[in-house]
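The structure appears right after this line, and notes come after that.
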Amino acid sequence: MSRSIDLAVIPGDGIGQEVVAEGLKVLSAVLPQDVKLETKEYDFGARRYHATGDTLTDADLEQLKQHDAILLGAIGDPSVPSGVLERGFLLKLRFAFDHHVNLRPSKLLPGVATPLAGQPEIDFIVVREGTEGPYTGNGGTIRKGTPHEVATEVSVNTAFGVERVVRDAFERAQARPRKKLTLVHKNNVLTFAGHLWTNIFNKVAEEYPEVTTDYIHVDAATIYLVTDPGRFDVIVTDNLFGDIITDLAAAVSGGIGVAASGNINPSREFPSMFEPVHGSAPDIAGQGKADPTATVLSVALLLRHLGYDTEADRIEQAVSADLAERGALPARSTSEIGDALAVRVAG
Ligand SMILES: NC(=O)c1ccc[n+]([C@@H]2O[C@H](COP(=O)([O-])OP(=O)(O)OC[C@H]3O[C@@H](n4cnc5c(N)ncnc54)[C@H](O)[C@@H]3O)[C@@H](O)[C@H]2O)c1
Ligand SMILES: CC(C)[C@H](C(=O)O)[C@@H](O)C(=O)O
Ligand SMILES: [Mg+2]
């Protein structure tokens, strides 16, 4: 039986261009001959915005919808006002394709440097809600530019949206050996949203008696992520808390250069999108300094989502072996790391 993957590729801005090239290199190297890989590149990001004023049109969404999955590098550029591409492209796409499960695994692999003392066991996943919370754009300003300006940014939490992501997290916890799920929120202060999350979490928990549950306020979660990250197995949390704690999670488990993510549409009505957790890193763009590992691991998540488990395993093993040897090697460029990973997955 012939198989095929039809992939939308969005390198985006800054280091997005550099790391996506390496992700594709490794993807081509890992796929068996009988799998036909078709890619279509899209120029979203700062270049498109400056050329046309567009960030993502309805016609673009129609085209993107046709693909099996999307691989994104990163968007965001100092030449574009903050928020224009983040809201106008990235969040618009996540919302349009109902990417409500934003999956962000953190695993400290053997031999990988961490700023934490010793070599703690870190192996957890964050299930970050991807379509609600303070991200929806529900807000505004009045008396703009005056000393009396008022700005609101309302967090939107629907029972439907919370329950579906909480259920997804319980399913993932149930499937893991430790079967533990932690709700991270701030229900001592954000009592309206926090109690909705807590009540739904507790109600759904009744259906998963094998899953151990606990609750941690988000401020305390940042303590434990540094002092005792081994306590976490699966974390479920809202969109903004998830954004913040996953950069911290990356920093303690090998760095932002190795943190992968998937924006998943579990019903598969729309293509899911895979991207490194990091951004376009204008400070190092164009210098060959970016670590492409996060993108390569995002390709592994993409392959797993499409049912290519063997190939995903091969990529993860190659990354693990490469990282284990890194400390002993001289610093390598973005493409040298990509080349090394491509050789490992092919061999
Ligand atoms: N998914 C996305 O497209 C995405 C995600 C985050 C930020 N952004 C955007 O990216 C731009 C820059 O944001 P930022 O500086 O806050 O975050 P960033 O993640 O781009 O950079 C933070 C720090 O991490 C470093 N870094 C990031 N990726 C790295 C890699 N692969 N290898 C080595 N070092 C790496 C950078 O050099 C920088 O010091 C902004 O416009 C922001 O909105 C986009
Ligand atoms: C760029 C921004 C919209 C985005 C987010 O906040 O989700 C980024 O920080 C991320 O983590 O993917
Ligand atoms: Mg972020």
Side-chain angles (χ1 to χ4, degrees), residues 9-23 42 44-46 48-49 55-56 70-95 99-106 112-113 115 126-137 153 155 237-251 254-264 273-299 301 319 323 326 331-338 341:
V9 176
I10 307 173
D13 299 317
I15 64 167
Q17 298 276 337
E18 300 165 62
V19 293
V20 160
E22 305 313 313
Y42 292 84
F44 301 116
R48 158 86 84 104
Y49 176 70
T55 50
L56 180 70
I70 303 168
L71 178 65
L72 168 69
I75 50 81
D77 190 81
S79 67
V80 181
S82 183
V84 169
L85 296 170
E86 290 81 353
R87 292 214 73 88
F89 171 75
L90 186 55
L91 297 183
K92 187 171 178 185
L93 184 51
R94 287 179 185 166
F95 295 171
H99 291 153
H100 62 268
V101 173
N102 190 327
L103 194 63
R104 299 188 158 192
S106 269
V112 175
V126 176
V127 177
R128 166 188 174 191
E129 202 291 321
T131 55
E132 300 194 341
Y135 274 66
T136 59
E153 204 84 53
S155 177
T237 191
D238 99 328
N239 210 341
L240 181 60
F241 298 144
D243 177 47
I244 296 165
I245 68 171
T246 53
D247 263 21
L248 177 55
I256 193 71
V258 301
S261 83
N263 300 274
I264 313 283
M273 176 163 72
F274 298 83
E275 54 170 322
V277 169
H278 65 70
S280 55
D283 55 337
I284 56 166
Q287 301 171 41
K289 288 184 183 166
D291 189 342
T293 307
T295 305
V296 171
L297 286 173
S298 302
V299 167
L301 290 176
V319 165
L323 288 172
R326 260 189 214 189
R332 289 171 297 170
S333 68
T334 308
S335 62
E336 284 169 340
I337 296 176
L341 291 172

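Scope of the values below: all heavy atoms of this structure, side chains included, with no hydrogens, waters or symmetry mates. All ligand and atom numbering here is 1-based and tracks the order in the structure. By convention here, the first residue in the shown sequence is residue 1. In this text, all values refer to a predicted model and were calculated from it rather than measured experimentally.
Nearest protein heavy-atom neighbour of atom 26 (N) of ligand 1: Ile256 CG2, 3.6 Å. Protein heavy atom in closest approach to atom 1 (N) of ligand 1: Glu275 OE1, 2.6 Å. With respect to atom 1 (C) of ligand 2, the closest heavy atom belonging to the protein is Glu86 CG, 3.7 Å. The single protein non-hydrogen atom nearest to atom 29 (C) of ligand 1 is Ile15 CD1, 3.8 Å, given as residue, atom name and distance. Taking atom 3 (O) of ligand 1 as the reference point, the nearest protein heavy-atom neighbour is Ile75 N, 2.9 Å. Nearest protein neighbour of atom 2 (C) of ligand 2, counting heavy atoms only, is Leu90 CD2, 4.2 Å. Nearest protein heavy-atom contact of atom 31 (N) of ligand 1 is Asp291 O, 3.0 Å. Remark: minimum distance from atom 9 (O) of ligand 2 to any protein heavy atom is reached at Asp243 OD1, 3.2 Å. For atom 11 (C) of ligand 1, the nearest non-hydrogen atom of the protein is Ser280 OG, 3.2 Å.
Every atom of ligand 2 is numbered from 1 in the order shown, and the set under 4.0 Å from a heavy atom of Tyr135 is 5 (C), 6 (O), 7 (O). Residue contact check: Glu86 has heavy atoms under 4.0 Å from atoms 40 (C), 41 (O), 42 (C), 43 (O) of ligand 1. Ligand 1 places these atoms under 4.0 Å from at least one heavy atom of Ile284: 33 (C), 34 (N), 35 (C), 37 (O). Heavy-atom contacts of Val277 reach the following atoms of ligand 1: 5 (C) (cutoff under 4.0 Å). Of all atoms in ligand 1, numbered sequentially from 1 with element shown, those under 4.0 Å from a heavy atom of Gly279 are 4 (C), 5 (C), 6 (C), 7 (C), 8 (N), 10 (O), 18 (P), 19 (O), 20 (O), 44 (C). Residue contact check: Arg94 has heavy atoms under 4.0 Å from atoms 5 (C), 7 (O), 10 (C), 12 (O) of ligand 2. Short contacts between ligand 2 and Arg104, defined as distances under 4.0 Å to a heavy atom of the residue, involve ligand atoms 10 (C), 11 (O), 12 (O). Taking a cut-off of under 4.0 Å to the non-hydrogen atoms of Ala74, the atoms of ligand 1 that pass are 3 (O). Ligand-side atoms of ligand 1 in range of Ala290: 32 (N), range being under 4.0 angstrom from any heavy atom. The ligand atoms of ligand 1 that sit less than 4.0 angstrom from a heavy atom of Gly76 are 41 (O).
Under the 4.0 angstrom criterion for non-hydrogen atoms, Val19 is not in contact with ligand 1. Within the 4.0 Å heavy-atom shell around ligand 1 one does not find Thr295. The closest approach between any non-hydrogen atom of His278 and ligand 2 is not below 4.0 Å. Distances shorter than 4.0 angstrom occur between a heavy atom of Pro282 and an atom of ligand 1.
Considering backbone and side-chain N/O of Asp283, one or more are found under 3.5 Å from N/O of ligand 1. Ligand 1 has no nitrogen or oxygen under 3.5 angstrom from a nitrogen or oxygen of Leu72. Residue Arg94 has no N or O atom closer than 3.5 Å to an N or O atom of ligand 1. Checked against a 3.5 angstrom limit, the closest N/O atoms of Ala281 and ligand 1 fall inside it.
Of the heavy atoms in Leu90, only side-chain atoms (C-beta onward) come closer than 4.0 Å to ligand 1. With a 4.0 Å heavy-atom cut-off, ligand 1 is reached by the backbone of His278 and by its side chain too.
Of all protein N/O/S atoms, those under 2.8 Å from the Mg ion (ligand 3) are Asp243 OD1, and waters are not counted.
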Tell me which donor-acceptor pairs under 3.5 Å the side chains of residues 280-288 have, and how far apart each pair is, sequence neighbours excluded?
from   : atom 1 : to     : atom 2 : distance (Å)
Ser280 : OG     : Gly76  : O      : 2.5
Gln287 : OE1    : Lys289 : NZ     : 2.8
Gln287 : NE2    : Asp283 : O      : 3.3

Can you list, pair by pair, the side-chain donor-acceptor contacts under 3.5 Å of residues 238-246, counting residues two or more places apart and other chains?
from   : atom 1 : to     : atom 2 : distance (Å)
Asp238 : OD1    : Leu240 : N      : 3.2
Asp238 : OD1    : Phe241 : N      : 2.9
Asn239 : OD1    : Arg128 : NE     : 3.0
Asn239 : OD1    : Arg128 : NH2    : 2.8
Asn239 : ND2    : Glu132 : O      : 3.1
Asp243 : OD2    : Tyr135 : OH     : 3.3
Thr246 : OG1    : Arg104 : NH1    : 3.0
Thr246 : OG1    : Gly242 : O      : 2.7
Thr246 : OG1    : Asp243 : O      : 3.2

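For the residue pair Thr131/Glu129, the side-chain donor-acceptor check at 3.5 Å is satisfied.
With hydrogens and angles disregarded, a donor-acceptor distance shorter than 3.5 Å links the side chain of Ser298 to the backbone of Glu275.
The ring pair (Phe, Tyr, Trp, His ring centres under 6.0 Å) test applied to Tyr49 returns no partner, not counting sequence neighbours.
Of the protein's heavy atoms, none falls inside 4.0 Å of atom 16 (O) of ligand 1.
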